[in-house]
Amino acid sequence: MAKKTDEARIKITKQSLRKATRLFKFLKPYSLKFALGMVFLIGSTLTSLLFPGLLGKLVGASNNTKVGPENFFNLDNINSVALVLFGVFLLQGVFSFFRILVFSEVTERMLADLRQHTYNHLIRLPMEFFSARRVGELNSRISSDVSILQETFTTTIAEFIRQILTIVLGIALLSIYSVKLMLLMLATLPVMMIAAVLFGKFIRKLSKQTQSKIADSNIIVEETMTGIVNVKAFVNEIFEVKRYTLATNEIRKIAMKAARWRGAFASFIIVAMFGSIVLVIWYGVRLIATGEMTIDQLVAFIMYSVFVGASFGGVADLFSQIQKAIGATENLFEILDEKVEPVGMDHDQPRVLLKGGVQFEGVSFSYPTRKDVHVLKEVSFEVLPGQQVAVVGPSGAGKSTLTNLLLRFYEPTSGSIRFDNRPASEYALDALRSNMAYVPQEVLLFGGSIRENIAYGNPTASENEIVQAAIKANAHDFIMSFPDGYETLVGERGIQLSGGQRQRVAIARAVLKDPAILILDEATSSLDSESERMVQEALDRLMLGRTSFVIAHRLSTIKAADVILVMENGSIVESGTHFNLIEKENGLYRHLSKLQFQNQEA
Ligand code: ATP
């Protein structure tokens with residue numbers, strides 16, 4: 001059993017590494033620039049490694065008398081050494097400047113591509129993907145993953161390479177000064193290395209836990225901000241504050257646990273490093289006494305040891321950051337590996353024009369997240385082009401699900417849907433959807449102007465077409481009553497407009513799209529009668545000459561419909577016109593409409 005778990009772990013590591021290398025696809029277009037950055041990186045590392053040697057020379061030349069200009073090119077000349085040192089710093093400064101500049105440019109371009117690619121992918125994922133996840137979680141996961149990658153590519157990778165170079169070249173230089181001393185120095189380092197790797201692994205696990213706790217707490221903020229009306233109306237502020245306090249306390253606890261281990265890690269490195277420096281100095285002074293080393297060599301040796309030792313410590317820390325980045329890449333690629341809907345991003349392709357005939361033949365359906373619940377059962381009906389269909393039934397009967405299948409947000413589990421006598425699958429998904437318009441119950445407007453929100457129905461529409469659509473939707477007058485007219489900003493999610501106004505903007509959007517099939521989810525929340533009349537009038541105008549499916553709550557819509565589909569428990573239990581159905585003794589429709597009349601009279 002234990003073996004099995006271990007194997008799984010190894011497999012995951014391999015997979016995550018493979019996924020991480022896929023990131024280089026995004027780096028490829030900038031590989032030349034990246035190589036240039038590497039040149040600067042190597043340059044700055046090499047120049048930094050000149051410093052300890054030259055410092056040793058400077059100390060060694062302290063009692064040297066060869067300071068005249070004739071000895072300028074002699075490195076025993078204290079003035080020359082100081083000048084060369086200055087030159088080395090200058091060069092290192094220049095290299096470092098360009099290294100940071102070039103790496104940042106490469107990273108920013110690469111991340112812009114990655115962000116764009118992820119978003120392009122995300123927006124084309126099927127509804128199935130979104131209904132299984134919370135948007136807040138998705139959003140914060142992607143943004144935190146991308147910022148981890150940003151940190152990694154701008155600094156971590158470069159630092160990692162610099163430290164490795166410092167270690168390799170530093171050890172080579174140390175062996176030139178004294179092999180014995182170098183071996184003593186190295187004898188202390190592997191202990192640090194092993195501890196560092198183990199520590200790093202453990203800390204990585206803790207940081208992952210912190211990340212996911214942060215994501216959880218972000219969800220609470222996002223959910224309560226979007227549902228702020230509910231929070232306030234139910235006076236649940238205290239409840240939400242408590243919920244958030246619990247979440248933030250969790251973050252603090254885990255983050256503190258991680259901090260304690262990181263602190264222990266840092267102190268361990270410091271103690272071990274300074275301990276080994278003292279050991280090296282002690283042994284070095286003994287070597288000077290026996291004449292195996294000079295004082296300037298020891299100074300240079302100690303400096304190189306500090307460089308190498310610090311790099312060992314740094315590498316372990318950077319290594320855990322790179323591991324974190326591998327985790328983040330894995331998360332991102334998990335999303336990028338999800339299959340997208342076959343929706344073209346090209347708006348210029350010729351539009352298929354539907355007449356509006358729709359047939360459902362034995363359509364059954366279960367949501368992918370709840371496969372055992374049969375939401376639609378053998379649903380069959382036929383609608384002729386231009387007919388008005390009202391779908392009625394108790395809550396949870398499957399009305400919205402029916403429209404979800406029409407829009408092909410989901411595929412039926414069995415049975416088939418036909419448009420103009422051709423199976424839905426024979427049409428391109430975007431061709432079908434561009435023939436439909438959907439006016440939902442809760443209209444969501446995008447932050448921006450009213451004009452932009454109407455134009456969402458057809459981004460290529462002219463100014464005049466937008467105004468005409470607004471007139472048809474009974475929206476023109478209220479829009480013009482605002483000082484900024486069509487340029488009025490609607491605020492985030494359209495909160496600066498009333499429910500009825502938002503609905504009329506959504507209707508104008510649908511008018512502009514000029515679809516063959518219209519899907520309306522009537523708002524259950526009651527508008528005042530004037531507002532309702534305006535909306536209804538606009539809807540009647542919109543439905544004229546188009547096939548329309550109305551999830552109906554108001555009798556006025558139902559009475560005028562050509563066909564009424566009465567749903568219960570995922571099946572169509574009755575269908576016909578209002579006058580047919582109202583005659584049916586013990587019929588569900590008769591019962592439902594009686595209830596409504598009673599409510600209206602009450
Ligand atoms: P209402 O009038 O209350 O809007 P409805 O008739 O439109 O109800 P649907 O929204 O189609 O009903 O829901 C039918 C059933 O499918 C319900 O039992 C509901 O819980 C379930 N359901 C709806 N959406 C999903 C989903 N995304 N994943 C899983 N089950 C779902």
Side-chain angles (χ1 to χ4, degrees), residues 122-138 219 223 226-227 230 338-339 341 358 360 362-381 383 388-415 417 424 433 436-444 499 503 506 517-527 539 548-558 561 563-575 581 587-589 591-596 599-600:
L122 202 59
I123 205 160
R124 282 158 46 206
L125 286 174
M127 288 302 285
E128 191 181 326
F129 175 86
F130 294 101
S131 64
R133 282 169 189 79
R134 292 202 275 187
V135 173
E137 180 186 316
L138 207 60
I219 291 168
E223 274 181 358
T226 11
N230 289 317
E338 293 276 344
K339 209 166 170 293
E341 283 184 326
V358 178
F360 269 52
V363 171
S364 297
F365 177 72
S366 303
Y367 279 99
T369 42
R370 259 184 255 157
K371 286 204 165 70
D372 45 335
V373 181
H374 303 290
V375 179
L376 292 185
K377 299 164 197 154
E378 296 279 330
V379 170
S380 300
F381 62 85
V383 178
Q388 226 192 81
V389 186
V391 187
V392 298
S395 175
K399 304 180 294 287
S400 306
T401 307
L402 189 93
T403 59
N404 282 345
L405 293 193
L406 258 181
L407 280 157
R408 283 190 69 194
F409 286 159
Y410 302 93
E411 291 301 314
T413 324
S414 64
I417 301 174
R433 285 190 193 153
M436 296 189 218
Y438 173 55
V439 182
Q441 237 182 59
E442 266 302 311
V443 176
L444 185 126
Q503 244 170 358
I517 299 169
L518 197 66
I519 299 165
L520 305 174
D521 201 343
E522 268 186 359
T524 38
S525 53
S526 54
L527 302 169
L539 284 176
S548 37
F549 288 84
V550 186
I551 299 182
H553 304 287
R554 284 192 287 264
L555 269 173
S556 50
T557 333
I558 304 171
V563 190
I564 300 169
L565 303 176
V566 187
M567 295 192 73
E568 190 179 27
N569 276 333
S571 305
I572 295 181
V573 289
E574 290 168 21
S575 70
L581 293 174
L588 178 61
Y589 179 78
H591 173 68
L592 288 175
S593 53
K594 257 192 192 158
L595 278 182
Q596 243 196 37
N599 282 346
Q600 275 178 355

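Read the numbers this way: they start at 1 and go in the same order the structure lists the ligands and their atoms.
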#### Entry: Full working for side-chain contact (heavy atoms from CB on, under 4.5 Å) between F129 and L138
CA-CA 11 Å; F129 175 86; L138 207 60; 3.6 Å; yes
Can you report which non-hydrogen protein atom sits closest to [atom], along with the distance?
atom                    : result
atom 3 (O) of ligand 1  : S395 OG, 2.6 Å
atom 15 (C) of ligand 1 : V375 CG1, 3.6 Å
atom 2 (O) of ligand 1  : K399 NZ, 2.9 Å
atom 17 (C) of ligand 1 : G396 O, 4.1 Å

Those atoms of ligand 1 less than 4.0 Å from some heavy atom in [X]:
X    : value
T369 : 28 (N), 29 (C)
S131 : 27 (N)
T401 : 9 (P), 11 (O), 13 (O), 14 (C)
S400 : 4 (O), 5 (P), 7 (O), 10 (O), 11 (O)

Any idea which heavy atoms bring [X] and [Y] closest together, and the distance?
X    : Y    : result
F360 : V379 : CB-O, 3.7 Å
G415 : P412 : O-CB, 4.3 Å
H374 : K371 : CE1-O, 4.3 Å

### Query
For G362, does its backbone N or O pair with a side-chain atom of S380 as donor and acceptor, under 3.5 Å?
yes
### Message
Looking at K399 and M567, would you say the former's side chain and the latter's main chain have a donor-acceptor pair under 3.5 Å?
### Response
no
#### Entry: Sub-4.5 Å side-chain heavy-atom contact between V389 and F381
no
### Query
Distance only, no hydrogens: is a donor on one side chain within 3.5 Å (strictly under) of an acceptor on the other, for T401 and Y367?
yes
### Query
Mind checking whether G398 has a heavy atom under 4.0 Å from ligand 1?
yes
### Task
Would you indicate which of F409, Y410, Y367 comes nearest to atom 21 (C) of ligand 1 when only heavy atoms are counted?
Y367
### Message
Please report whether atom 19 (C) of ligand 1 has a protein non-hydrogen atom at a separation of less than 4.0 Å.
### Response
no
